[in-house]
There are 2 protein chains.
Amino acid sequence: MNIGTASEKSGLPPKTIRYYEEIGLLKADRAGNGYRDYSMSDVHRLRFLQRSRSLGFSVEECRQLLSLYGDKERESADVKAIAEVKLAEIDRKIAELASLRDALRHLVHNCHGDERPDCPIIDGLAGNGTVQ
Amino acid sequence: MNIGTASEKSGLPPKTIRYYEEIGLLKADRAGNGYRDYSMSDVHRLRFLQRSRSLGFSVEECRQLLSLYGDKERESADVKAIAEVKLAEIDRKIAELASLRDALRHLVHNCHGDERPDCPIIDGLAGNGTVQ
DNA sequence: GATAATCCTTCCAGTTGCTGGAAGGTCAAC
DNA sequence: GTTGACCTTCCAGCAACTGGAAGGATTATC
C-alpha cells in the first residue's frame with residue numbers, strides 16, 4: 001500500500017513516516033514507480049511507533065523497543081534484559097499517570113470555586129514519589 | 001532556594017527550568033544578587049511539569065494543566081471542562097501503556113528463541129484499538 | 001584576605017523530532 | 001489529454017530543549 005494508506009492506518013502523518021525512514025527507523029519497499037510500498041507488518045510497526053512516541057518514549061527508545069521483535073539474530077537473554085528495563089519504565093509511567101488522574105479528579109470534585117492560595121492538591125499533582 | 005536546589009528537588013535540569021521561565025511557564029522571584037529564588041510551591045509546579053512532560057503532554061498542554069490550579073480567577077466550570085478532557089486523555093494513555101506492557105510481557109515469556117518470521121505478538125505491540 | 005572552586009547569570013549556537021512548502025513526477029477519472 | 005489527488009525530494013522553520021562561552025557571586029581553603 002502507498003504511504004497515504006499507511007498513514008491512515010497507523011495514525012502517523014506521511015511526513016513523519018518519511019522522517020522515520022530517513023533516520024533508519026523503518027525502511028519501506030519501493031514500487032516500480034518509486035513510491036514507497038508498505039505491508040501490514042510495516043503498518044503494525046508504524047502504529048507501534050505512534051503509540052510509544054505519544055507515551056513519552058524517545059525515538060532511540062522506540063528503536064530499541066522495535067528491535068525486540070524485529071531482530072531475529074538477537075539473543076533471547078538480551079531481548080529479555082531490554083524488555084525488563086522497559087517494563088519497569090512503563091509501570092512507572094502508568095503509576096504517574098494514575099496519580100495525575102487522581103489529582104485532577106480530586107481538583108474537579110473538591111476544589112472548584114475554592115480560592116485557597118495554597119491548595120494542598122498541588123502536592124498530589126506534583127506527586128510525592130522520589131525522583132528517579 | 002537557588003536554581004540548583006530546585007533542580008535537584010524537581011528532577012528538571014537548570015537549563016530546562018530557565019527555558020520554562022523564558023517561555024512564561026513558571027517565573028521565579030529574584031534574590032538581591034540576581035539569582036532566581038524558588039519556593040516549595042514552585043518546586044511542586046516544576047515537579048509536576050517534569051512528570052507531565054515525560055508522559056507525553058506538550059508544553060502547551062502542561063500550561064493548561066498548570067492553569068487549572070494556578071489561576072484563581074478562572075471559572076470553576078471552565079476548570080472542570082479542561083480537566084475532563086485531560087482526564088479522558090490520561091485514561092487513554094494509561095490503557096495504551098497497559099497494552100504495551102502486556103505485549104512486552106508476552107514477548108518475553110512466550111517468544112524468546114522462537115524465530116517465526118511474523119510473530120503474531122506484533123499485533124499486540126502495535127495495539128488493536130482505533131486510531132483517534 | 002587572596003585564591004580557587006562552585007555556583008549563578010545571559011546569550012548564542014546546536015540537536016531532536018518533526019512539519020510546512022516548493023518544484024516536479026505519477027496515476028485515476030472525466 | 002487534462003484536471004486533481006496522490007507521490008517524490010529538498011530545504012527551511014518550529015518546538016523543546018541542551019551545550020558552551022564569558023563573566024559575576026558565593027563559598028571553601030590556604
Side-chain angles (χ1 to χ4, degrees), chain A residues 1-39 42-43 45-67 86 89 93 96 131-132, chain B residues 1-39 42-43 45-67 86 89 93 96 131-132:
Chain A
M1 78 192 75
N2 284 349
I3 200 171
T5 314
S7 166
E8 265 174 50
K9 285 185 192 290
S10 68
L12 284 172
K15 283 270 182 187
T16 305
I17 297 178
R18 289 193 198 97
Y19 172 70
Y20 286 167
E21 179 169 328
E22 192 188 321
I23 62 171
L25 257 192
L26 187 125
K27 107 174 212 295
D29 286 344
R30 293 290 173 134
N33 54 13
Y35 287 15
R36 286 170 182 83
D37 185 25
Y38 295 90
S39 66
D42 290 331
V43 168
R45 284 173 166 79
L46 287 171
R47 182 133 175 63
F48 167 73
L49 286 170
Q50 188 275 322
R51 304 188 119 207
S52 39
R53 285 293 297 131
S54 83
L55 294 167
F57 289 99
S58 75
V59 164
E60 281 320 303
E61 287 174 316
C62 290
R63 200 191 295 274
Q64 254 193 351
L65 285 167
L66 261 187
S67 81
K86 291 301 165 196
E89 203 170 329
K93 278 175 189 284
E96 290 192 349
V131 182
Q132 84 291 12
Chain B
M1 77 193 76
N2 284 349
I3 200 170
T5 314
S7 165
E8 264 174 51
K9 285 185 191 291
S10 68
L12 284 172
K15 281 269 179 187
T16 305
I17 297 178
R18 289 194 199 98
Y19 172 71
Y20 286 167
E21 180 168 329
E22 193 188 321
I23 62 172
L25 256 192
L26 188 124
K27 105 174 214 295
D29 286 343
R30 292 290 173 134
N33 54 11
Y35 286 16
R36 286 170 182 84
D37 185 24
Y38 295 90
S39 66
D42 290 330
V43 169
R45 284 173 166 78
L46 288 171
R47 182 132 174 63
F48 168 73
L49 286 171
Q50 188 276 321
R51 304 187 118 208
S52 39
R53 284 293 297 130
S54 83
L55 293 168
F57 289 99
S58 75
V59 163
E60 283 319 303
E61 287 174 317
C62 291
R63 199 190 296 272
Q64 256 192 349
L65 285 167
L66 261 187
S67 82
K86 291 301 166 199
E89 202 170 330
K93 278 176 189 284
E96 290 193 349
V131 182
Q132 86 290 14

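We name chains A, B, ... by the order of the sequence lines, and we start the count at 1 in each one.
- Residues B:Tyr19 and B:Leu25 form no side-chain contact, since every pair of their non-hydrogen atoms from C-beta on lies 4.5 Å or further apart.
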Footprint string (nucleotides 2-9 of chain C, 5' to 3'): B base within contact, S backbone only, - free, heavy atoms under 4.0 Å: -----BSB
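- Remark: P of C:dC27 and CG of A:Asn33 are 4 Å apart, rounded to the nearest angstrom.
- In this structure a side-chain-to-backbone donor-acceptor pair under 3.5 Å is present from A:Lys93 to A:Leu55.
- Closest non-hydrogen pair, A:Val43 versus A:Ser10, comes out as O-CB, 4.2 Å.
- Summary of the strand contacts: B:Lys15 and B:Ser58 both lie near DNA chain D, and taking for each the nucleotide with the nearest heavy atom, the more 5' one is attributed to B:Ser58.
- Counting heavy atoms from C-beta on, the side chains of B:Lys86 and B:Glu89 come closer than 4.5 Å.
- If you walk DNA chain D from 5' to 3' and mark each nucleotide with an atom closer than 4.0 Å to a heavy atom of chain B, the marks span D:dA16 to D:dT26.
- Residue A:Glu21 contributes atom CD, which lies 15 Å from atom P of C:dC18 at whole-angstrom precision.
- Inter-residue side-chain proximity for A:Leu66 and A:Phe48 is flagged as met; some heavy-atom pair is nearer than 4.5 Å.
- The closest side-chain donor-acceptor pair between A:Asp42 and A:Ser39 falls under 3.5 angstrom.
- Side-chain N/O atoms of A:Tyr20 include none lying less than 4.0 angstrom from OP1 or OP2 on C:dG17.
- A:Tyr19 places its OH atom 8 Å from the P atom of C:dT16, with the value rounded to the nearest Å.
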